[in-house]
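Note that these values count all heavy atoms, side chains included, but never hydrogens, waters or copies made by symmetry. Given the structure is predicted, the values throughout are model-derived calculations rather than measurements.
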Amino acid sequence: MEYRDFFSTEEFRSLLRQYEEAESSDCLSLFSSDDLTDIAEYYHYKGNFDKAVEVVDRAIELYPGALGPLVFRARAALLKDEDARKALYYAEQIDDKDDLDYFYIRAEIMIAQFQVSEANEYLLEKYDLVDEDEQQDFVLDVATLFADYEYWDLADSWARNYDYPDTPDYQELQGRLSTARGNYAEAEKIFNSLLDKNSFSTVYWNQLALAQLYSGKISESLHSCDFALAINPNDSDALLTKANGLYMLNNYEGAADSYIKYMKSCGQEIPDDFDISEYIKKNS
């Protein structure tokens, strides 16, 4: 289940209501570390990164060594602060260093430091420690991790060892690999098929939009972006792809608007002397 789907459940809506009521009375100890991590992910999904960090920092205070909050904080250090040392600081506070998520974050820190071969060797070694009933999940998660950093050959190498080719997550990865190889028609076919089964997936709409953009189907790409943004108006991937598409159509005003929304969705401060034209030139 995608986070977006989970956030729409009555279970999560009830949890969020309870959290917002308890927050003012400082009774957050009523919530587990996993609950607080889910709430932080919700605020992040909604584009409120500062609030997400506030929640997860409280979780770390309440539950030192808990996996979820520390993984969130470590990934934030990598992706937002671009600070691998800070990410490692949080990762090493995790108590359960035999958990798969600990393996993933340690490998991701290595990848972010361009120690890609070391990360691959590390994960190959950890494979033998994974319970047999979790090994296939591990294989696909590792393949996806390398794909996230655009190490496509390693992603493909790991994916070839996955035994369930009809699962949506595997199909999504194959669509991304098709796009990376320039096989845009195949990528479109895969993501359209996935959207037939789950039309509310921003991930699928965004990946379809990318394949369409790269193949020169700009109007269709913008249409796919708009579907993603209808589901989540703060979706940074959709905003960035839309900005690029509008720029390619010489719609500079629209591109500038989408770029600014993209920056805000990523929690980037926009200085008073910000020159949007220069930003577009550097990022297009």
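Environment of CG in Asp196: crowded, with over 12 heavy atoms of neighbouring residues, nucleotides or ligands closer than 6.0 Å. Within a 6.0 Å radius of CD in Glu253, no more than 12 heavy atoms belonging to other residues, nucleotides or ligands are found. When the shell of 6.0 Å around OH of Tyr122 is examined, it contains more than 12 heavy atoms from other residues, nucleotides or ligands.
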Please list every donor-acceptor pair under 3.5 Å in which a side-chain atom of residues 179-195 meets a protein atom from a residue at least two apart or in another chain.
{"residue": "Thr179", "atom": "OG1", "partner": "Gly175", "partner atom": "O", "Å": "3.2"}
{"residue": "Arg181", "atom": "NH2", "partner": "Asp156", "partner atom": "OD1", "Å": "3.1"}
{"residue": "Asn183", "atom": "OD1", "partner": "Glu186", "partner atom": "N", "Å": "3.4"}
{"residue": "Glu188", "atom": "OE1", "partner": "Lys217", "partner atom": "NZ", "Å": "3.4"}
{"residue": "Glu188", "atom": "OE2", "partner": "Lys217", "partner atom": "NZ", "Å": "3.1"}
{"residue": "Asn192", "atom": "ND2", "partner": "Glu188", "partner atom": "O", "Å": "3.1"}

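Using cut-offs of 30° and 60° for the angle between ring planes, the Tyr42 and Phe12 rings count as tilted.
Hydrophobic clustering (ILVMFWY, side-chain heavy atoms < 4.5 Å, transitive): Leu123 and Ile109 are in one cluster. Note: the hydrophobic cluster containing Leu88 also contains Met110 (ILVMFWY, side chain heavy atoms under 4.5 Å, direct or indirect links). Ile60 and Tyr102 fall within the same hydrophobic cluster, defined by Ile, Leu, Val, Met, Phe, Trp and Tyr side-chain heavy atoms under 4.5 Å apart, directly or through other members. Leu240 and Phe49 are not part of a single hydrophobic cluster, where members link through side-chain heavy atoms under 4.5 Å apart. Note on Phe7 and Tyr19: same hydrophobic cluster, where clusters join Ile, Leu, Val, Met, Phe, Trp and Tyr whose side-chain heavy atoms are under 4.5 Å apart, directly or indirectly.
Side-chain N/O atoms of Asn244 and Tyr259 include a donor and acceptor closer than 3.5 Å. For the residue pair Tyr151 / Asp153, no side-chain donor-acceptor distance below 3.5 Å is found, with atom types taken as modelled. A donor and an acceptor atom, one from each side chain of Ser178 and Gln174, are nowhere located under 3.5 Å apart.
Across Leu78 and Ala112, no two heavy atoms sit closer than the pair CD2-CB, 3.6 Å. When all heavy atoms of Asn234 and Lys46 are compared, the pair lying nearest together is ND2-O, 2.8 Å. Pairing each heavy atom of Phe72 with each of Ala52, the nearest pair is CZ-CB, 3.8 Å. Minimum interatomic distance between Ala40 and Val56 (heavy atoms only, all atoms of both residues): CB-CB, 4.2 Å. Summarising the geometry of Thr37 relative to Gly68, their closest heavy-atom pair is OG1-C, 3.5 Å, with the distance given to 0.1 Å. When all heavy atoms are compared, the tightest approach of Ser221 to Thr241 is OG-CG2, 3.7 Å.
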- Message: If you apply the rule side-chain contact (heavy atoms from CB on, under 4.5 Å), what do you find for Ser219 with Leu222, and how did you get there?
- Response: CA-CA 5 Å; Ser219 295; Leu222 292 174; 5.6 Å; no
- Task: Let me see the working for Asp148 and Arg176 under salt bridge (Lys or Arg N to Asp or Glu O under 4.0 Å), right down to the final yes or no.
- Result: CA-CA 10 Å; Asp148 287 345; Arg176 294 174 65 189; 2.9 Å; yes
- Message: Is there a side-chain contact (heavy atoms from CB on, under 4.5 Å) between Leu100 and Val130? Walk through the geometry before answering.
- Response: CA-CA 8 Å; Leu100 299 190; Val130 177; 3.7 Å; yes
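To the nearest 0.5 angstrom, Asp99 atom CG is 12.0 Å from Ile105 atom CD1. Interatomic distance, Asp169 CG to Asp141 CG, rounded to the nearest 0.5 Å: 8.0 Å. Between atom CG of residue Leu177 and atom CD of residue Glu172 there is a gap of 10.5 Å, rounded to the nearest 0.5 Å. Here the CG-CG distance, from Leu62 to Leu28, works out to 6.5 Å after rounding to the nearest 0.5 Å. In this structure, CG on Asn120 lies 13.0 Å from CD on Gln115, to the nearest 0.5 angstrom. We find the CG-CG distance between Asp35 and Leu15 to be 4.5 Å, quoted to the nearest 0.5 Å.
Between Val53 and His44 there is no side-chain heavy-atom pair separated by less than 4.5 Å. Taking 4.5 Å as the limit, some side-chain heavy atom of Leu79 sits within range of a side-chain heavy atom of Glu108. A 4.5 Å side-chain heavy-atom check between Pro64 and Gln93 finds every atom pair outside the cut-off. In this structure, the side chains of Leu154 and Val116 come closer than 4.5 Å at one or more pairs of heavy atoms. Taking the side chain as every heavy atom from C-beta outward, Pro69 and Leu36 never approach each other to under 4.5 Å. A heavy-atom distance below 4.5 Å is found between the side chains of Glu11 and Phe6. The shortest side-chain heavy-atom distance between Val142 and Phe103 does not fall under the 4.5 Å cut-off. Leu67 places a side-chain heavy atom less than 4.5 Å from the side chain of Ile94.
Side-chain N or O atoms of Ser258 include none that pairs as donor or acceptor with a backbone N or O of Ala255 at under 3.5 Å. For Asp235 (side chain) and Asp237 (main-chain N/O), a donor-acceptor pair under 3.5 Å exists by modelled atom type. Counting only distance, with no hydrogens or angles, the side chain of Asn161 and the backbone of Val139 share no donor-acceptor pair below 3.5 Å. The backbone N or O of Thr202 lies less than 3.5 Å from a partner atom in the side chain of Asn206, making a donor-acceptor pair. Under a 3.5 Å cut-off, the side chain of Trp205 and the backbone N or O of Ser199 do form a donor-acceptor pair.
Screening residues 124-134 for side chain to side chain donor-acceptor pair (under 3.5 Å) gives Tyr127-Gln135 as the qualifying pairs, with residues at least two apart or on separate chains. Contacts classified as side chain to side chain donor-acceptor pair (under 3.5 Å) and involving residues 49-64 (residues at least two apart or in different chains) are given here: Glu23-Lys51, Asp26-Arg58, Lys51-Glu54, Asp57-Arg73.
Listed by chain and number, the residues in a salt bridge (charged side-chain N to carboxylate O under 4.0 Å, His left out) with Glu92 are Arg106 (sequence neighbours excluded). Every residue meeting the ring-ring contact (aromatic ring centres under 6.0 Å, His included) condition with Tyr104, not counting sequence neighbours, appears here in chain and number order: Phe138. Judged as a ring-ring contact (aromatic ring centres under 6.0 Å, His included), and not counting sequence neighbours, the contacts of Tyr162 are Tyr164, Tyr170.
Using a 4.0 Å cut-off between a side-chain N of Lys or Arg and a carboxylate O of Asp or Glu, Arg17 and Glu10 qualify as a salt bridge.
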